[in-house]
Visitor: 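Shown below is the structure under consideration.
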There are 2 protein chains.
Amino acid sequence: MDEYPGLDATLTALADPTRREILARLAAGDARVTDLAAPFPISLNSVSKHIRVLERADLVRRRRQGREHFLAANPEPLEAAARWIGEQRALWAWRLEGLDQILSEESRLGRRDP
Amino acid sequence: MDEYPGLDATLTALADPTRREILARLAAGDARVTDLAAPFPISLNSVSKHIRVLERADLVRRRRQGREHFLAANPEPLEAAARWIGEQRALWAWRLEGLDQILSEESRLGRRDP
DNA sequence: TAGATATTCACCCAAATGGATGAATATCCT
DNA sequence: AGGATATTCATCCATTTGGGTGAATATCTA
């Protein structure tokens with residue numbers, strides 16, 4: 001559980017369509033707060049808040065240049081999240097394929113040659 | 001964006017440590033509400049609510065058997081989430097490798113042979 | 001039938017969330 | 001200096017969330 005620090009913040013940040021769109025937009029290149037806010041029907045302030053949530057999760061990094069703040073996507077938390085999900089999927093797949101049942105069946109039967 | 005229906009519910013459900021533990025527990029096999037609740041310091045009712053959130057995201061499925069409700073993990077939403085994350089990572093990696101900058105640099109310079 | 005067990009339903013509550021607005025701050029430009 | 005621009009800060013508000021409790025419902029069992 002503590003194997004994945006920050007996973008909470010990461011998934012919370014990703015669990016909002018506006019924030020996911022912001023991240024997608026940043027794939028096209030760094031952008032200022034105003035640029036990021038432009039496509040959305042909500043206020044600039046609200047977008048500013050969303051960005052702060054993304055920053056808290058370290059999904060975006062901020063670089064100030066005069067009065068402009070440039071945001072850049074940081075892939076690391078995304079990779080951690082992908083790892084956690086992959087781990088779960090592997091465990092579930094294992095079960096679904098019935099391999100563990102077969103193995104425990106074998107040990108239950110007490111096979112002599114290991 | 002609508003390419004990933006349910007992603008909101010999926011990520012929201014995953015963005016809670018209790019719910020992630022419940023999912024992890026289900027990798028070991030189907031379990032009843034009471035079984036799932038046992039390890040947690042919170043009330044059975046609260047766990048029941050968490051399970052409902054997981055159900056809403058279709059991350060778990062319920063099979064009633066008399067008074068007992070057996071929960072099972074469903075990997076599909078997790079796979080969709082993994083796909084979205086993978087897509088983002090690919091886009092960002094593309095940028096970080098600088099390939100798009102090189103390409104846009106080329107077009108900015110107006111190369112004659114396309 | 002009566003009691004125990006498994007689960008949800010109906011509320012209550014404090015804290016967080018996503019939105020808004022208006023004012024403050026900092027920087028740029030003339 | 002003074003105005004425009006970029007961004008955040010401070011509030012406010014309605015809704016959601018994660019927790020709790022007590023009562024209802026359904027099922028099993030003695």
Side-chain angles (χ1 to χ4, degrees), chain A residues 1 6-26 28-74 77 81, chain B residues 1 6-26 29-74 77:
Chain A
M1 213 40 52
L7 190 51
D8 254 57
T10 302
L11 292 171
T12 299
L14 293 179
D16 178 279
T18 301
R19 287 192 288 266
R20 285 199 305 276
E21 279 190 53
I22 290 175
L23 284 181
R25 163 64 182 79
L26 286 177
D30 300 3
R32 300 171 308 152
V33 177
T34 309
D35 302 327
L36 291 173
F40 298 102
I42 65 180
S43 78
L44 176 70
N45 275 10
S46 293
V47 173
S48 178
K49 277 194 203 173
H50 280 301
I51 292 173
R52 217 173 334 130
V53 174
L54 290 167
E55 270 188 297
R56 203 175 50 194
D58 200 28
L59 280 161
V60 307
R61 299 270 178 80
R62 186 185 301 248
R63 162 179 44 97
R64 293 189 59 163
Q65 200 162 287
R67 53 182 168 176
E68 305 176 304
H69 300 202
F70 284 89
L71 286 311
N74 174 35
Chain B
M1 212 41 51
L7 190 50
D8 254 57
T10 303
L11 292 170
T12 298
L14 293 178
D16 178 280
T18 300
R19 287 192 288 264
R20 286 199 304 277
E21 278 189 54
I22 289 175
L23 285 181
R25 164 63 182 79
L26 287 177
D30 300 4
R32 299 171 309 152
V33 177
T34 309
D35 302 328
L36 292 173
F40 298 102
I42 66 180
S43 77
L44 176 69
N45 275 9
S46 294
V47 173
S48 178
K49 280 192 202 174
H50 280 301
I51 292 173
R52 218 174 332 130
V53 174
L54 290 168
E55 270 187 297
R56 203 176 52 196
D58 200 28
L59 279 162
V60 308
R61 298 270 178 80
R62 186 185 302 247
R63 161 178 46 96
R64 293 188 60 162
Q65 201 163 287
R67 54 182 167 176
E68 305 177 305
H69 299 203
F70 285 89
L71 287 311
N74 174 36

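Reminder, nothing fancy here: chain letters follow the sequence lines and each chain counts from 1.
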Visitor: How close do A/Ile22 and A/His50 get, counting heavy atoms only, and between which atoms?
Guide: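 Between these two residues, the closest heavy atoms are CD1-CB, 4.1 Å.
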
Visitor: Grab the two heavy atoms, one from B/Leu36 and one from B/Ile51, that are nearest each other, plus how far apart they are.
Guide: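 What the structure gives for the nearest pair is CD1-CD1, 3.8 Å.
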
Visitor: Does any donor-acceptor pair link the side chain of A/Arg67 with the base of D/dT5 at a separation under 3.5 Å?
Guide: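 Present.
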
Visitor: In whole angstrom, give the distance that lies between atom CD of B/Gln65 and atom C1' of D/dT27.
Guide: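 Atom-to-atom, B/Gln65 to D/dT27, this comes out as 12 Å.
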
Visitor: Is A/Ser48 close enough to D/dT7 that one of its side-chain N or O atoms is under 4.0 Å from OP1 or OP2 there?
Guide: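 Checking A/Ser48 against D/dT7: no side-chain N or O falls below 4.0 Å of OP1 or OP2.
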
Visitor: Might you point out which heavy atoms bring B/Pro77 and B/Ala57 nearest each other, and give the distance in Å?
Guide: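 Taking every non-hydrogen atom into account, CG-O, 3.4 Å.
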
Visitor: How would you summarise protein contacts on nucleotides 17-23 of chain C per nucleotide, using B for base, S for sugar-phosphate only and - for none, with heavy-atom distances below 4.0 Å?
Guide: -SBBBB-

Visitor: Nearest 0.5 Å, what's the CG-CD distance between B/Asp30 and B/Glu68?
Guide: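 These two atoms lie 12.5 Å from each other.
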
Visitor: Are A/Asp8 and B/Arg20 close enough for a salt bridge, meaning some N to O gap below 4.0 Å?
Guide: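 A salt bridge is present here (some side-chain N lies under 4.0 Å from a carboxylate O).
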
Visitor: Does anything in residues 32-40 of chain A reach DNA chain C, meaning a heavy atom under 4.0 Å, and if so which residues?
Guide: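 Contacts with DNA chain C under 4.0 Å: none.
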
Visitor: What integer distance in Å separates B/Glu68:CD from C/dT5:C1'?
Guide: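 Roughly 9 Å, once rounded to whole Å.
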
Visitor: Take A/Leu23 and A/Leu14 through the side chain to side chain contact (heavy atoms under 4.5 Å, CB included) test and state the conclusion after the steps.
Guide: CA-CA 9 Å; A/Leu23 284 181; A/Leu14 293 179; 3.5 Å; yes

Visitor: Would you mind reading off the distance between A/Leu71 atom CG and D/dT8 atom C1', rounded to a whole angstrom?
Guide: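 Those two atoms, CG and C1', are 13 Å apart.
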
Visitor: What residues form a side chain to side chain donor-acceptor pair (under 3.5 Å) with A/Arg62, not counting sequence neighbours?
Guide: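 In terms of side chain to side chain donor-acceptor pair (under 3.5 Å), with neighbours along the sequence ignored, A/Arg62 is linked to A/Glu55, A/His69.
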
Visitor: Using OP1 and OP2 only, check whether a side-chain N or O of A/His69 sits under 4.0 Å from D/dA6.
Guide: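 It does not, given that no N or O in the side chain of A/His69 lies less than 4.0 Å from OP1 or OP2 of D/dA6.
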
Visitor: Taking all atoms of both residues into account, what is the closest heavy-atom pair of A/Ile42 and A/Ser46, and its distance?
Guide: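 Nearest pair, atom of A/Ile42 first, then A/Ser46: CD1-CB, 3.7 Å.
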
